[in-house]
There are 2 protein chains.
Amino acid sequence: MKESFFENINIQESTLPERTAQQISRLIVERRLTSEDRLPSEFELAELLHVGRGTIREGVKLLVARNVLEIRRGKGTYIASNPGEIPDPLGFAYCSDPFQLALDLAEVRGQLEPWIARMAAEHAAKEDLNRLRESCLVVEQDILNGWNHSEHDVQFHVAVAKCTQNLVVPKLIPIITYAVTLFVSLTESRLKTETVMGHRELVNAIENHDGDRAEKVMTQHIEYNRALLEEIIANLKNEDTKEGSLQEKREMI
Amino acid sequence: MKESFFENINIQESTLPERTAQQISRLIVERRLTSEDRLPSEFELAELLHVGRGTIREGVKLLVARNVLEIRRGKGTYIASNPGEIPDPLGFAYCSDPFQLALDLAEVRGQLEPWIARMAAEHAAKEDLNRLRESCLVVEQDILNGWNHSEHDVQFHVAVAKCTQNLVVPKLIPIITYAVTLFVSLTESRLKTETVMGHRELVNAIENHDGDRAEKVMTQHIEYNRALLEEIIANLKNEDTKEGSLQEKREMI
């Protein structure tokens, strides 16, 4: 029932393994099983759900594919630590226009992240601030060492979002920062200084519980990123066009 | 490379079927395959990826589980129509505190949807408006007939989001409206009039390309929903407490 409105997404739910997967998933929710908990045995599940052990095995495979369950080697099948969270949950990898996707993601970030920064400053607890400061340092170390900092950059923004105490916003960050990895190799070198300074200022504002300042710094940080992204995409499209016309010229000869 | 920063989500990527699934998924992106396209045959994929047909079959199963591929009966394996989009992609069903989740989702909606409404008014094209008007009617029909309108309600908000021309926001709506189905049976009766009037006013504002008005109407619509949700949750928690103390009293006797 909880998932009813998602049904317009065309998942094939009518197969027996699929229905079995749903029942196992319901069992996990009802029994409040966590990543500490081992899944009941195939034998027990087969008895409980009135299906064969082969069907249980297929249902379990589906839930492993969706990161609801995980197989720990030599230990058995457990509940995953973030059950149901998967990489690229909105299928951005299959988007036919990655340029437009990146710009549209930047637009959403521009709307959401300054608000998140304000909330972070207003609600951050002591543990949140420790994690945030540490996360800020990790990005700086990446940059000092000349390493790709995109993954840790996303984690820094997640750490900011966790300060809000809102359960949803930290989960939205990996989605709306998807574009960071799409174009990071192109933007990286020019963004390094801004990143270090922007992150430091943001941490200070949040530590001082200064909502106005946090919102302002985040707005600048996202806008700087966005402007650079727009410039890079314009250049890439320009090169495409030039190559296109070059191609046309060649064909005309 | 595109998915690198998602790796902190603990999906088990080291197995052969998982690596095969990733290679098939890369193939889909590179060849720009769409839902019109049939997946190349097991035989062809096995040749191409240098693995056995059994491994291909396991890899395909993983991608079916993640709604990247779909099996059309009597036709074969095709690319799904929204590849990679799955129901409940953030695993909200496994959240241990659904009350807090619902309130936090309402907070995110309050921040995002008024902005979406403004953008919708500013960028709606003619086809968008047709779809929006139709979607508005479908919800009203549900309500007139006494049917559960939660699924169509979400689709109405998706139709508003599609008016923005932003690729990302329509995909965020099913996530942030997740709570609609969690509590709809409780809120439904009291929300019906407000829903009909609110939706109609919103459609009018968007049709008139009046961004200020659209933002204002959406703010009221979301705030009304949120206040009602807060009231209902407070009552539910209250009942829980009463039952708890009743239980304690019984045990004391």
Side-chain angles (χ1 to χ4, degrees), chain A residues 1-12 25 28-29 32 34 61-62 64-68 70-71 80-97 100-101 104-105 107-108 111-112 115 150-151 154-155 166-169 171-172 174-177 180-182, chain B residues 1-12 25 28-29 32 34 61-62 64-68 70-71 80-97 100-101 104-105 107-108 111-112 115 150-151 154-155 166-169 171-172 174-177 180-182:
Chain A
M1 193 210 93
K2 279 186 189 174
E3 297 180 356
S4 64
F5 71 84
F6 280 114
E7 274 163 20
N8 56 338
I9 295 173
N10 189 19
I11 283 248
Q12 296 174 329
S25 137
I28 293 167
V29 175
R32 296 173 184 245
T34 70
K61 269 188 195 171
L62 285 172
V64 171
R66 292 176 192 148
N67 195 38
V68 174
E70 65 185 28
I71 292 159
S81 46
N82 296 305
E85 277 190 80
I86 65 159
D88 189 17
L90 299 181
F92 287 151
Y94 306 97
C95 177
S96 60
D97 190 346
Q100 196 54 50
L101 177 67
D104 288 354
L105 282 166
E107 194 170 35
V108 174
Q111 176 61 20
L112 264 184
W115 170 70
S150 61
E151 190 177 330
V154 173
Q155 280 168 17
N166 181 303
L167 294 172
V168 179
V169 287
K171 289 175 186 270
L172 291 178
I175 296 177
I176 62 177
T177 54
V180 169
T181 51
L182 275 176
Chain B
M1 192 211 95
K2 280 186 189 173
E3 298 179 354
S4 64
F5 71 82
F6 280 114
E7 275 165 18
N8 57 337
I9 295 173
N10 190 17
I11 284 248
Q12 296 175 328
S25 138
I28 294 167
V29 175
R32 295 173 186 245
T34 71
K61 270 189 195 169
L62 284 173
V64 170
R66 291 175 194 152
N67 195 39
V68 174
E70 64 186 28
I71 292 157
S81 45
N82 297 304
E85 278 191 79
I86 65 157
D88 189 17
L90 299 182
F92 287 152
Y94 305 96
C95 177
S96 60
D97 190 346
Q100 196 55 48
L101 177 66
D104 289 354
L105 282 165
E107 193 170 37
V108 174
Q111 176 61 19
L112 264 184
W115 170 70
S150 61
E151 190 176 332
V154 173
Q155 280 166 17
N166 181 303
L167 295 172
V168 180
V169 286
K171 289 174 186 268
L172 291 178
I175 296 177
I176 62 177
T177 55
V180 169
T181 52
L182 274 175

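The model shown is predicted, which means the values in this text are computed figures rather than measured ones. Every heavy atom of this structure was used, including side-chain atoms; hydrogens, water molecules and symmetry mates were not. Residue numbers begin at 1 in each chain, while the letters A, B, ... track the order of the sequences.
Atom-to-atom distance recorded for A:Leu105:CG and B:Asn166:CG is 7.5 Å, nearest 0.5 angstrom. Here CG of B:Asp97 is found 7.0 Å from CG of A:Leu167. Values are rounded to the nearest 0.5 Å. Atom CD1 of residue A:Ile175 and atom CG of residue B:Leu172 lie 6.5 Å apart, to the nearest 0.5 angstrom. Note: A:Ile86 CD1 to B:Asp88 CG = 10.5 Å, rounded to the nearest 0.5 Å.
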Exercise. Let me see the working for B:Phe92 and A:Val168 under side-chain contact (heavy atoms from CB on, under 4.5 Å), right down to the final yes or no.
Key: CA-CA 9 Å; B:Phe92 287 152; A:Val168 179; 4.2 Å; yes

Exercise. Kindly indicate, with the supporting measurements, whether the criterion side-chain contact (heavy atoms from CB on, under 4.5 Å) is fulfilled by B:Val169 and A:Asp104.
Key: CA-CA 8 Å; B:Val169 286; A:Asp104 288 354; over 6 Å; no

Self-check item: B:Trp115 and A:Glu107: CA distance, side-chain angles, deciding distance, side-chain contact (heavy atoms from CB on, under 4.5 Å) verdict
Solution: CA-CA 11 Å; B:Trp115 170 70; A:Glu107 194 170 35; 3.9 Å; yes

Quiz item: Should A:Leu62 and B:Val64 be marked as a side-chain contact (heavy atoms from CB on, under 4.5 Å) after you check the CA-CA gap, both sets of side-chain angles, and the distance that decides it?
Solution: CA-CA 9 Å; A:Leu62 285 172; B:Val64 170; 5.9 Å; no

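Proximity to chain B (any heavy atom under 4.5 Å) is restricted, for A:Leu112, to the side chain, taken from C-beta onward. Looking at A:Ile28, the atoms closer than 4.5 Å to chain B (heavy atoms on both sides) all sit in the side chain, from C-beta outward.
A:Leu90 approaches B:Pro89 most closely through the heavy-atom pair CD2-CG, 4.4 Å. The minimum heavy-atom distance between A:Ser25 and B:Tyr94, with the atom names listed, is OG-OH, 3.1 Å.
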